[in-house]
Amino acid sequence: RLLEQSLEMFLSIPQHVNQQPNLLRQICEVYRRYHFYEGVVILCLKCAEAADPNGVGLVWFKEGKRPTDENGKLAHDARMHIYEFIISVLDELLAGPNAAPAVEIDPLSGATSRPPPVSAQDWEQFKARTMKAALKSNDELFHVTLYTWYLERGLADELTLVRCLHTFTRLKCLDSNFCTAENPFH
């Protein structure tokens with residue numbers, strides 16, 4: 001319950017989280033340590049929105065990444081940096097519970113400890129809740145990132161099962177000429 005309460009608090013101040021160097025990374029590390037993966041997704045999506053409240057990063061992306069649009073590129077890059085925390089969580093969940101490190105370092109105190117064991121059933125629940133939070137997002141640029149993640153991990157078949165608001169974006173990503181592992185945001 002404490003993790004959910006902290007998430008509610010951080011969701012109310014995403015601009016502050018973005019302004020503090022390494023704060024988002026530290027929060028995400030704590031959430032990951034306690035398997036609150038959906039919290040990472042929810043908070044990062046809110047922080048990405050706060051980093052680009054007018055959606056100029058998406059406009060820059062959709063309009064062909066014009067080199068003269070520095071504000072669009074900066075907003076896009078800020079969002080992409082934040083999305084990296086989500087992608088890291090998705091990779092961890094895809095790897096499975098046995099891929100977790102044997103010893104973890106607490107990002108706040110620096111203390112080392114062994115993470116609590118997780119059953120395969122619990123891990124599947126973590127994955128399901130986390131993917132639900134990711135797919136529930138209205139962030140179209142994040143969906144491009146997510147679909148690219150699916151493709152790069154060889155999970156294209158699972159994309160056919162995904163229902164979301166951004167079908168057109170998904171179809172463009174499935175077109176190998178649009179998004180590829182070498183250049184996911186072509």
Side-chain angles (χ1 to χ4, degrees), residues 1-11 14 17-18 20-49 79-139 141-166 170 173-174 179-182 184-185:
R1 180 70 187 136
L2 289 176
L3 294 172
E4 289 88 358
Q5 289 174 342
S6 74
L7 176 61
E8 288 176 26
M9 182 197 67
F10 290 126
L11 288 173
V17 173
N18 287 343
Q20 301 301 312
N22 298 316
L23 181 58
L24 181 59
R25 179 186 54 79
Q26 291 173 340
I27 296 167
C28 291
E29 287 177 6
V30 170
Y31 285 0
R32 285 173 75 172
R33 178 182 177 89
Y34 294 101
H35 309 297
F36 188 42
Y37 302 107
E38 68 186 300
V40 171
V41 171
I42 294 166
L43 179 59
C44 286
L45 289 171
K46 185 69 169 183
C47 287
E49 179 185 347
R79 291 181 92 111
M80 298 308 294
H81 173 72
I82 294 169
Y83 298 153
E84 289 174 11
F85 296 114
I86 299 173
I87 296 303
S88 179
V89 161
L90 296 177
D91 284 338
E92 184 175 327
L93 288 167
L94 184 63
N98 296 328
V103 176
E104 291 184 344
I105 299 172
D106 186 293
L108 302 177
S109 69
T112 59
S113 65
R114 295 196 180 282
V118 178
S119 71
Q121 181 180 2
D122 286 344
W123 198 260
E124 289 304 314
Q125 288 178 358
F126 295 149
K127 279 174 45 178
R129 285 195 307 261
T130 304
M131 290 309 297
K132 182 178 179 180
L135 292 169
K136 190 173 150 181
S137 167
N138 292 330
D139 184 337
L141 190 55
F142 171 68
H143 280 273
V144 171
T145 305
L146 181 61
Y147 304 146
T148 301
W149 176 83
Y150 271 103
L151 294 172
E152 289 176 345
R153 302 320 183 267
L155 303 171
D157 290 346
E158 291 187 32
L159 273 175
T160 60
L161 304 175
V162 173
R163 293 183 193 182
C164 75
L165 301 173
H166 302 293
R170 181 176 70 204
C173 274
L174 289 174
C179 288
T180 64
E182 296 81 32
F185 302 106

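How far NZ of Lys46 is from CG of Asn18: 11.5 Å, rounded to the nearest 0.5 Å. Note that CD1 of Ile27 and CE of Met9 are 7.0 Å apart. Values are rounded to the nearest 0.5 Å. Annotation: the span from Arg25 atom CZ to Ser88 atom OG amounts to 11.5 Å, rounded to 0.5 Å. Remark: Leu23 CG to Cys47 SG distance equals 8.5 Å, nearest 0.5 Å. Between the CD atom of Gln121 and the CD atom of Gln125 there is a distance of 5.5 Å, given to the nearest 0.5 Å. Atoms OG and CZ, from Ser6 and Phe36 in turn, are 6.5 Å apart once rounded to the nearest 0.5 Å.
For the pair Thr145 and Ile86, the minimum side-chain heavy-atom distance is 4.5 Å or more. The shortest distance between side-chain heavy atoms of Arg153 and Ile87 falls below 4.5 Å. At least one side-chain heavy atom of Trp149 sits less than 4.5 Å from a side-chain heavy atom of Asp91. With contacts defined as side-chain heavy-atom distances shorter than 4.5 Å, the pair Val41/Phe85 does not qualify.
Scanning all heavy atoms of the two residues, the minimum distance from Tyr83 to Ala48 falls at CE2-CB, 3.6 Å. What you find for Ile82 and Cys44 is that their closest heavy atoms are CG2-O, 3.1 Å. Residues Ser137 and Leu45 share a closest heavy-atom pair of CB-CD1, 3.5 Å.
Residue pairs meeting the salt bridge (charged side-chain N to carboxylate O under 4.0 Å, His left out) criterion with at least one partner in residues 79-89, sequence neighbours excluded, are Asp52-Arg79, Arg79-Asp139. Among pairs with a residue in residues 117-134, those fulfilling salt bridge (charged side-chain N to carboxylate O under 4.0 Å, His left out) read Glu38-Arg129, Glu124-Lys127, at least two apart in sequence or across chains.
For an aromatic pair to be called close, the ring centres must be under 6.0 Å apart, and Trp123 with Tyr37 satisfies this.
For Glu29 and Arg33, the salt-bridge test fails: no basic side-chain N is under 4.0 Å from an acidic carboxylate O.
Tested against Leu146 for a side-chain contact (heavy atoms from CB on, under 4.5 Å), the candidates Leu151, Leu141, Leu90 yield a single pass: Leu90.
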* To do: Take His35 and Tyr31 through the test ring-ring contact (aromatic ring centres under 6.0 Å, His included) and record every step on the way to the result.
  => CA-CA 6 Å; His35 309 297; Tyr31 285 0; over 10 Å; no

